[in-house]
Amino acid sequence: MELKTIKQIKDLKNKQVLLRVDFNCPMENDQIIDDTRIKLVLPTIQYLIKKQAKVILISHLGRPKKHSQSSLSLKPFYNYLVAMFSKQEVGFVNDCLGKKVIKEVSKLKAGNVLLLENLRFYKQEQANEVDFARQLAKLADIYINDAFSVSHRQHASVSSITNFLPSYAGLLINKEIKILTAVLKSKAHPFVVLMGGQKISTKISTIKNLLNLADSVLIGGALVNNFLKAKTYNIGSSIYEAKMLTVCNELNNHKKIITPVDFKAWLNNSSQSKLLELDELNSFNNDFDILDIGDKTIDLFSKHIKNAKIIIWNGPMGKFENKNFSRGTKLIAQEIFNNKQARIIIGGGDIIRAISSLITDFDKLPANVFLSTGGGAMLKFLSGESLPGIKPLLFNK
């Protein structure tokens with residue numbers, strides 16, 4: 001899979017470049033609390049600045065319920081960029097379409113940057129409306145997608161816009177695709193996959209596809225509740241997806257699927273946590289929620305991780321945001337980072353936040369670890385699906 005990349009554009013000087021990034025970062029009181037996604041796209045922005053392009057940044061943030069929502073404005077990201085690019089002029093417009101935007105774009109000088117307001121303030125963005133994409137395209141000469149994490153979306157700024165401008169991949173997307181493609185083609189073993197998080201319905205196709213490649217698929221997080229329920233285990237009030245029980249029951253018989261043997265649960269009646277072993281579930285009378293994997297499971301999973309040559313990890317092992325149920329995710333992360341021989345790919349916003357306490361500077365990740373910005377996009381790519389944001393960037397598409 002070969003992409004048309006930013007480096008194949010012969011002359012960027014004075015070109016108006018519309019760069020789709022993903023600044024959908026965790027926020028708290030209008031402050032960015034995790035800037036990982038911004039840092040990972042900085043090389044592309046810096047490349048465009050060096051080539052004297054006029055850089056127009058577009059992104060979304062959150063899920064706005066109305067046209068303008070101050071808590072989801074991209075203004076804090078403007079402040080971040082001003083501090084980051086002290087030698088360049090950085091501007092901000094509190095809209096992404098209209099006369100005001102056109103005026104500010106016309107004033108852009110070579111090597112300077114302009115950030116537009118949240119794309120999702122317009123419902124036409126997520127509806128993939130062609131006219132909205134056409135209006136965005138009128139702002140630029142070239143379109144560059146460097147937002148891998150939304151490239152599985154049929155959105156106007158990701159999909160339809162490529163019909164109106166010469167379109168290329170940014171440095172980050174190109175790196176993501178190269179590494180993920182290499183993993184899918186790799187013959188290195190043992191190949192270990194860890195799947196956690198909440199919704200099994202969004203991950204089942206990836207699990208099925210990776211079962212053809214992996215030696216073991218370790219299931220954690222709320223995903224495991226579906227496998228337990230399919231085996232008629234008592235899972236108390238733990239969340240699960242009823243429509244997924246049939247397929248989980250089929251996968252329960254697959255020798256490569258490894259599920260937990262003990263759990264840390266919250267006892268709803270007594271407001272305490274308790275370690276429950278698998279064979280205790282059906283005899284346990286209190287109402288409970290399974291919120292983490294137990295120590296025996298951590299040891300079981302660690303045995304697979306220690307000798308792995310390839311590791312793919314998506315989704316935390318428990319409710320990591322609660323310190324009472326973060327142990328499984330943290331210890332599994334430590335075990336993974338201790339493996340210096342494996343090619344490691346970690347993807348998804350939740351897992352990035354979960355391990356941020358272990359790795360305070362993602363610029364200093366071990367050389368064998370690749371942090372993918374995509375959660376859903378990574379899963380869809382690994383499941384063999386074509387991504388609407390990637391397909392238009394391919395040679396001989």
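- The CG atom of L72 sits 5.0 Å away from the CG atom of L61 when rounded to the nearest 0.5 Å.
- The shortest side-chain heavy-atom distance between N322 and L291 does not fall under the 4.5 Å cut-off.
- Annotation: the span from M378 atom CE to N314 atom CG amounts to 4.5 Å, rounded to 0.5 Å.
- Side-chain polar atoms of D35 and Y80 form a donor-acceptor pair below 3.5 angstrom.
- At a cut-off of 3.5 Å, with distance as the only test, no side-chain donor of S160 or E129 sits close to an acceptor on the other residue.
- Applying the 6.0 Å contact sphere to NZ of K256 captures more than 12 heavy atoms from other residues, nucleotides or ligands.
- Atom CG of L119 is separated from atom CZ of F23 by 11.5 Å, given to the nearest 0.5 angstrom.
- Among I207, L218, V224, the one residue that satisfies the side-chain contact (heavy atoms from CB on, under 4.5 Å) test with M195 is I207.
- Using modelled atom types, one finds no donor on one side chain facing an acceptor on the other under 3.5 Å when comparing S73 with N118.
- Taking 4.5 Å as the limit, every side-chain heavy atom of L114 sits out of range of all side-chain heavy atoms of K107.
- Hydrophobic cluster membership is shared by F121 and M27, with clusters built from Ile, Leu, Val, Met, Phe, Trp and Tyr side chains linked at under 4.5 angstrom.
- Between the side chain of S151 and the backbone N or O of A147, at least one donor-acceptor pair lies under 3.5 Å.
- Taking a 6.0 Å sphere around CG of N212, one finds it holds more than 12 heavy atoms contributed by other residues, nucleotides or ligands.
- Closest non-hydrogen pair, I200 versus L223, comes out as N-CD2, 3.4 Å.
- No more than 12 heavy-atom neighbours from other residues, nucleotides or ligands sit within 6.0 angstrom of NZ on K296.
- The minimum heavy-atom distance linking T259 with L300 is given by the pair O-CD2, 4.1 Å.
- Remark: of the listed residues R63, R153, R20, R120, R20 is the sole one forming a salt bridge (charged side-chain N to carboxylate O under 4.0 Å, His left out) with E125.
- In the model, Q135 has a side-chain atom that pairs as donor or acceptor with a side-chain atom of D131 under 3.5 Å.
- Side-chain contact between Y143 and P166 is absent, with no heavy atoms from C-beta onward closer than 4.5 Å.
- Across all non-hydrogen atoms, the minimal contact from K203 to G315 is NZ-CA, 4.0 Å.
- For an aromatic pair to be called close, the ring centres must be under 6.0 Å apart, and F132 with Y122 satisfies this.
- Between the side chain of D289 and the backbone N or O of S238 there is at least one donor-acceptor pair closer than 3.5 Å.
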> Could you go step by step and tell me if D22 and R37 meet the salt bridge (Lys or Arg N to Asp or Glu O under 4.0 Å) rule?
Replying inline: CA-CA 7 Å; D22 183 6; R37 281 180 168 168; 3.2 Å; yes
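- Counting only heavy atoms from C-beta outward, the side chains of I293 and D262 never approach each other to under 4.5 Å.
- Of the possible polar contacts, none joining the N145 side chain to the A169 backbone as a donor-acceptor pair under 3.5 Å is found.
- Considering I257, L251, L194 in turn, I257 is the only one that fulfils the side-chain contact (heavy atoms from CB on, under 4.5 Å) rule with V217.
- Under the 4.5 Å side-chain heavy-atom criterion for grouping Ile, Leu, Val, Met, Phe, Trp and Tyr, I346 is not connected to F320 through any hydrophobic cluster.
- Note: L171 CG to Q46 CD = 10.0 Å, rounded to the nearest 0.5 Å.
- Atom-to-atom distance recorded for N268:CG and N286:CG is 9.0 Å, nearest 0.5 angstrom.
- Ring-plane geometry between H189 and F191 is classed as tilted, the angle between the planes lying from 30 to 60 degrees on a 0 to 90 degree scale.
- Electrostatic pairing of D95 and K100 does not count as a salt bridge here, judged by no charged N lying under 4.0 Å from a carboxylate O.
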> N324 and S273: side chain to side chain donor-acceptor pair (under 3.5 Å), yes or no, with the steps?
Replying inline: CA-CA 8 Å; N324 294 314; S273 60; 5.8 Å; no
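- Formation of a donor-acceptor pair under 3.5 Å by the D141 side chain with backbone atoms of Q16 is found in this model.
- Between the Q126 side chain and the K123 main chain, no donor and acceptor come within less than 3.5 Å of each other.
- S106 contributes a side-chain N or O that, together with a main-chain N or O of K103, makes up a donor-acceptor pair within less than 3.5 Å.
- The hydrophobic clustering, which links ILVMFWY residues whose side-chain heavy atoms are closer than 4.5 Å, places I102 and F164 apart.
- Residue-environment remark: NZ (K208) stays at or below the threshold of 12 foreign heavy atoms within 6.0 Å.
- Residue K319 qualifies as open at atom NZ: its count of foreign heavy atoms under 6.0 Å is 12 or below.
- Remark: N285 CG is loosely packed, at most 12 non-hydrogen atoms of other residues, nucleotides or ligands lying under 6.0 Å away.
- In this structure, the separation between CG on N174 and CG on D146 is 9.0 Å, given to the nearest 0.5 Å.
- The shortest heavy-atom contact between K380 and L387 is CB-CD2, 3.7 Å.
- Minimum interatomic distance between A140 and L165 (heavy atoms only, all atoms of both residues): O-CD2, 3.3 Å.
- With hydrogens and angles ignored, the 3.5 Å screen pairs a side-chain donor or acceptor of T206 with a backbone N or O of L379.
- Surrounding NZ of K340 are more than 12 heavy atoms belonging to other residues, nucleotides or ligands, all under 6.0 Å away.
- In the displayed structure, F92 atom CZ is contacted under 6.0 Å by more than 12 heavy atoms of other residues, nucleotides or ligands.
- No hydrogens or angles considered: a donor-acceptor pair under 3.5 Å links the side chains of S237 and D287.
- L331 and L275 fall into different hydrophobic clusters, defined by Ile, Leu, Val, Met, Phe, Trp and Tyr side-chain heavy atoms under 4.5 Å apart, directly or through other members.
- Residues I6 and V21 share a single hydrophobic cluster, defined by chaining ILVMFWY side chains whose heavy atoms lie under 4.5 Å apart.
- Nearest heavy-atom pair across A110 and Q52 is CB-O, 3.3 Å.
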